[in-house]
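Whatever order the structure lists ligands and atoms in, that order sets their numbers, starting from 1.
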Amino acid sequence: MKKIISILAAAIALQIGGCATTTKDSVSGVHRSQFMLLPSDSVDKMSAQAYTQTIKEAEGKKTLNVDKAMLERVRKISNRLIAQVGVFRPDAAKWAWEVNVEKNDQLNAYCMPGGKIMVFSGLIEKLNTTDDELAAVIGHEISHALREHGRERMSQAYVQEFGLQALAAFVGGSAGSAVAQGAGLGSQLFFALPNGREQEREADKMGLELAARAGYNPDAAVTLWQKMSANNKGAPPEFLSTHPASENRITDLKALAPKVRPLYEAAKAKQS
Ligand SMILES: [Zn+2]
């Protein structure tokens with residue numbers, strides 16, 4: 001039975017080209033093969049809808065892009081990072097990227113599938129974040145999107161919830177209507193399912209390389225984590241509860257920094 005299921009799963013994966021890695025190999029060495037079952041365009045569509053909804057709600061509460069200087073700063077840093085995404089996957093350079101800032105005390109930021117970025121003002125104000133540190137956070141979040149971790153999590157949740165049979169039907173042609181029904185589901189899944197440890201490691205590594213390529217100091221990823229941890233007195237900040245910190249993470253970032261440093265130095269030389 002197990003064998004039949006695995007054959008079926010493999011067949012479905014092949015049919016929609018699901019079993020592959022979403023990004024090209026690079027200095028940071030992220031190349032885990034991913035089992036993706038939901039179609040990428042459906043996930044992106046659901047995410048875009050959820051993002052639009054979030055923007056509308058923030059506008060209603062007058063918390064969207066309140067501080068124009070802060071918005072400009074976040075967009076400038078994000079755009080420099082986005083200019084480098086083609087290294088990892090050329091198609092992402094053509095995504096409909098959006099960058100906004102929400103007035104919110106939480107230490108958090110996210111990038112939804114398809115390139116919809118939101119940075120919370122608390123992350124900047126409470127930690128007095130430098131440009132390099134901000135690039136480390138946004139680079140990390142962009143990397144989740146490049147690796148399509150959201151789609152991966154949704155695919156896993158879909159199989160767990162409805163089983164492979166439902167999945168076969170989904171892939172077999174009724175994908176459109178199923179996605180329409182699942183529009184709300186998509187955003188719920190995105191925010192409710194935490195990234196796994198391996199996904200976080202990948203986002204850390206790729207984010208570090210992305211920031212270096214954009215001319216941001218890779219050491220900033222470490223100081224950012226230290227600031228986050230120092231701020232972690234009393235209730236843990238949102239970012240840490242969705243991104244469990246550990247000494248390992250800092251150790252990994254420190255180990256990778258020398259490898260991406262030449263990329264950083266080359267980018268700096270080009271800028272000056
Ligand atoms: Zn993360």
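The Zn ion (ligand 1) has no N, O or S atom of E141 closer than 2.8 Å.
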Residue pair D67, K103: steps toward the salt bridge (Lys or Arg N to Asp or Glu O under 4.0 Å) verdict: CA-CA 8 Å; D67 183 334; K103 189 173 163 54; over 6 Å; no
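Atom OE1 is the N, O or S atom of E200 at the shortest distance from the Zn ion (ligand 1).
Note: the hydrophobic cluster containing Y216 does not contain Y264 (ILVMFWY, side chain heavy atoms under 4.5 Å, direct or indirect links).
The angle that H144 NE2 and H140 NE2 make at the Zn ion (ligand 1), rounded to 10°, works out to 100°.
Considering R147, H140, E148 as possible partners of H144, the one that fulfils the side chain to side chain contact (heavy atoms under 4.5 Å, CB included) test is H140.
Among residues two or more places apart in sequence or in another chain, the side-chain hydrogen bond (donor to acceptor under 3.5 Å, both in side chains) test is passed with R261 by D219.
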